[in-house]
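Right, one structure below, let's go through it.
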Amino acid sequence: MRRSQNMKNTRPLLIPFLALSLPLLTAAPSWPQDDTSFHAVRVKGDVTAYHNENDETSRLYTSQTLDDGDKVTTAADSEAVLRLGPKSYLYLAPHTRIHITRLRQGDKGPQCQVNLVTGRLLGQLDPSLSGALEVTAGGVYCREHGTLFEVSRREEQLTVVSFQGAAVVNFHGKTKMAKDNEVLRLGHGKFRNKTHHLTNEQQEDLQAWQGLLAEITK
């Protein structure tokens with residue numbers, strides 16, 4: 001992971017073309033019924049949020065909340081960490097834009113859908129969480145059975161890294177699976193390849209993300 005100041009990021013701007021969904025399927029307690037919002041626990045640089053409720057875009061600050069319909073954009077040398085429930089986190093790298101398209105409490109737990117419009121995000125999901133977290137981006141469907149993952153988009157390229165657990169990706173009826181430390185790539189509407197090891201860059205991403213989480217959660 002490249003981070004601005006503490007988290008240097010050198011990857012180029014990622015442009016939306018494909019789509020991705022990452023529901024977390026686990027059993028055990030869900031977060032409190034009255035806490036169905038993302039909480040900004042770390043904001044660095046120029047990060048803006050569009051708040052759907054009042055149709056307004058403003059700078060995002062630490063401790064602010066994000067709800068159904070809201071959008072977040074990180075500029076160059078900027079980043080944000082959002083917490084969902086007590087122990088689930090999303091890291092938004094520089095040049096990333098997301099749209100929270102669904103956020104509510106369902107019959108089986110929280111139901112959340114985040115559209116990765118462009119950029120790169122890493123997620124650490126609470127293994128005791130019941131409910132579903134989906135990260136979407138168009139015609140690709142990925143079911144995340146693990147708790148630690150990375151998703152990035154560059155032009156027509158989509159990369160899914162499963163650091164822990166398994167990610168099952170479906171695109172127009174074709175299905176692939178990435179297990180621990182495996183990487184799936186899609187480009188121009190086709191599965192490109194799957195690697196069974198992390199690159200040095202991806203290992204650095206993981207170490208930096210775990211270090212940042214340790215700072216936030218200590």
Side-chain angles (χ1 to χ4, degrees), residues 1-17 19-20 22 31 35-103 110 112-126 133-137 148-155 158-161 201-202 204-218:
M1 181 191 308
R2 271 62 55 203
R3 297 172 60 179
S4 58
Q5 298 179 16
N6 290 335
M7 185 168 285
K8 181 181 177 184
N9 188 293
T10 58
R11 290 188 182 177
L13 176 67
L14 307 181
I15 303 174
F17 277 94
L20 178 73
L22 291 161
W31 64 71
D35 186 17
T36 52
S37 298
F38 277 100
H39 297 256
V41 295
R42 178 185 175 89
V43 177
K44 293 190 65 178
D46 184 10
V47 181
T48 58
Y50 166 79
H51 299 281
N52 182 62
E53 186 174 351
N54 55 14
D55 191 22
E56 178 180 277
T57 299
S58 59
R59 187 160 184 167
L60 182 68
Y61 293 97
T62 301
S63 300
Q64 287 187 321
T65 59
L66 297 159
D67 298 303
D68 191 5
D70 292 353
K71 302 175 183 179
V72 182
T73 301
T74 61
D77 300 322
S78 304
E79 63 184 16
V81 178
L82 310 178
R83 176 176 59 81
L84 183 63
K87 296 180 181 179
S88 294
Y89 297 88
L90 291 180
Y91 166 76
L92 309 183
H95 291 304
T96 295
R97 185 163 69 253
I98 66 166
H99 180 197
I100 304 170
T101 52
R102 184 172 68 240
L103 187 56
C112 175
Q113 186 177 87
V114 175
N115 180 28
L116 177 61
V117 180
T118 183
R120 183 170 64 93
L121 64 81
L122 287 95
Q124 172 70 63
L125 305 182
D126 182 357
L133 172 68
E134 300 178 346
V135 180
T136 66
L148 188 57
F149 62 90
E150 176 180 336
V151 183
S152 63
R153 300 177 67 179
R154 179 182 178 182
E155 298 180 348
L158 177 68
T159 302
V160 180
V161 183
E201 188 175 57
Q202 289 161 345
E204 291 172 1
D205 282 352
L206 176 59
Q207 292 171 1
W209 173 223
Q210 290 177 322
L212 179 58
L213 270 179
E215 293 177 16
I216 293 172
T217 58
K218 66 181 179 181

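Computed from heavy atoms alone, side chains included, the values below leave out hydrogens, waters and symmetry copies. Bear in mind that the values here come from a model prediction, so they are computed numbers and not experimental data.
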Is there a side-chain contact (heavy atoms from CB on, under 4.5 Å) between T36 and D68 once you walk through the steps? CA-CA 9 Å; T36 52; D68 191 5; over 6 Å; no
Taken to the nearest 0.5 Å, the spacing of K44 NZ from D77 CG works out to 9.5 Å
For N52, give me all partners under side chain to side chain donor-acceptor pair (under 3.5 Å), at least two apart in sequence or on another chain. none
Those residues at least two apart in sequence (or on a different chain) that pass side chain to side chain contact (heavy atoms under 4.5 Å, CB included) with D55 are Y50
Closest approach of H99 to G69 (non-hydrogen atoms, all atoms of both residues): NE2-O, 3.4 Å
Sidechain-backbone polar pair: Q210 side chain, Q207 backbone, donor-acceptor under 3.5 Å: no
State which residues pass side chain to side chain contact (heavy atoms under 4.5 Å, CB included) with T217; sequence neighbours excluded, sorted by chain then number. Y89
Heavy-atom closest pair, residues D126 and P86: OD2-CG, 4.2 Å
Given side chains that start at C-beta, do those of H51 and S58 come closer than 4.5 Å, heavy atoms only? yes
Determine whether L121 and Y91 make a side-chain contact, defined as any pair of heavy atoms from C-beta on separated by less than 4.5 Å. no
Would you call T65 and F38 a side-chain contact if the rule is heavy atoms closer than 4.5 Å? no
Suppose we screen for side chain to side chain donor-acceptor pair (under 3.5 Å). Which residues come up paired with T101, at least two apart in sequence or across chains? Q113
Identify the two heavy atoms, one from T62 and one from V43, that lie closest to each other, and give their separation to 0.1 Å. OG1-N, 3.6 Å
Any side-chain heavy atom of E79 sitting closer than 4.5 Å to one from T74? no
Option passing side-chain contact (heavy atoms from CB on, under 4.5 Å) with L148 (candidates V161, L122, L206): L206
Of D70, D67, L84, the residue whose pairing with S37 passes side-chain contact (heavy atoms from CB on, under 4.5 Å): D67
Within the distance-only criterion (no hydrogens, no angle test), does the side chain of T96 pair as donor or acceptor with the backbone N or O of A93 below 3.5 angstrom? yes
What closest approach, in Å, do R59 and G45 show between heavy atoms, and which atom pair accounts for it? NH2-O, 2.9 Å
d(K87 NZ, L125 CG) to nearest 0.5 Å is 13.5 Å
If you take all heavy atoms of A49 and L66, which pair is closest and at what distance? CB-CD2, 3.9 Å
Between S78 and D46, what is the shortest heavy-atom contact and its length? OG-N, 2.7 Å
Hey, could you give me the CZ/CG distance between R42 and L212, rounded to the nearest 0.5 Å? 5.0 Å
Could you tell me if the side chain of L92 sits less than 4.5 Å from the side chain of V72, heavy atoms only? yes
Does the side chain of I216 come within less than 4.5 Å of V81's, by heavy atoms? yes
